[in-house]
Amino acid sequence: MGEPTRRARLFRMEEARRQIQRQLDMIDRQIMRRMTALTPQLHPRQTTYRRGKSPDPGAFLERYRANLAAITAERQPEIDALTRKLARQESATAALRAQLQPEELCA
């Protein structure tokens with residue numbers, strides 16, 4: 001395989017890896033967007049003292065974490081598949097990069 005062909009293959013592999021990374025970033029942004037929209041509903045209805053009982057400061061955080069876990073669990077199979085694919089692409093890119101001589105990478 002000639003150097004220009006291997007370099008082109010390397011560049012295609014790197015671009016494919018960037019696309020997978022963009023997909024993972026997009027999923028992360030979608031989860032954060034859903035959590036941002038859900039946050040106002042997580043606040044307690046009453047925030048004042050009632051019968052001498054103070055509001056629980058950890059309740060909001062607990063509800064936030066539970067909802068974040070639920071939303072993330074919905075997308076977990078997709079996240080896992082993309083993560084595995086990204087790892088395979090990175091190892092294949094590293095193997096090809098190791099085969100190329102340093103001067104071939106710069107040319």
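Quantities reported herein were computed from a predicted structural model and do not represent experimental measurements.
The CE atom of Met13 sits 11.0 Å away from atom CD of Glu90, with the distance rounded to the nearest 0.5 Å. For the atom pair CZ of Phe11 and CG of Leu96, the computed distance is 10.5 Å after rounding to the nearest 0.5 Å.
Looking only at side-chain heavy atoms (C-beta outward), Thr39 and Phe60 come within less than 4.5 Å of each other. Contact annotation: the side chain of Leu68 approaches that of Met32 to within less than 4.5 Å [non-hydrogen atoms, C-beta and beyond]. In this structure the side chain of Gln99 reaches within 4.5 angstrom of the side chain of Arg6, judged on heavy atoms.
Qualifying salt bridge (charged side-chain N to carboxylate O under 4.0 Å, His left out) partners for Glu62, counting only residues two or more places apart in sequence or in other chains: none. Applying the side-chain contact (heavy atoms from CB on, under 4.5 Å) rule to Leu61 yields the partners Arg65; only residues at least two apart in sequence or on another chain are considered.
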Distance-only donor-acceptor hits, side chain of residues 77-86, under 3.5 Å, sequence neighbours excluded:
{"from": "Glu78", "atom 1": "OE1", "to": "Arg75", "atom 2": "NE", "distance (Å)": "3.0"}
{"from": "Glu78", "atom 1": "OE1", "to": "Arg75", "atom 2": "NH2", "distance (Å)": "3.1"}
{"from": "Asp80", "atom 1": "OD1", "to": "Gln76", "atom 2": "NE2", "distance (Å)": "2.8"}
{"from": "Thr83", "atom 1": "OG1", "to": "Ile79", "atom 2": "O", "distance (Å)": "2.7"}

Taking only distance into account, with no hydrogens and no angle test, what donor-acceptor pairs under 3.5 Å do side-chain atoms of residues 16-24 form with protein atoms, sequence neighbours excluded?
{"from": "Arg18", "atom 1": "NE", "to": "Glu15", "atom 2": "OE1", "distance (Å)": "3.2"}
{"from": "Arg18", "atom 1": "NH2", "to": "Glu15", "atom 2": "OE1", "distance (Å)": "2.9"}
{"from": "Gln21", "atom 1": "NE2", "to": "Asp25", "atom 2": "OD1", "distance (Å)": "3.2"}
{"from": "Arg22", "atom 1": "NH2", "to": "Glu15", "atom 2": "OE2", "distance (Å)": "3.0"}

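Without hydrogens or angle criteria, Ser91 side chain to Arg88 main chain gives a donor-acceptor distance under 3.5 Å.
Nearest heavy-atom pair across Ala37 and Pro40 is O-CD, 3.5 Å.
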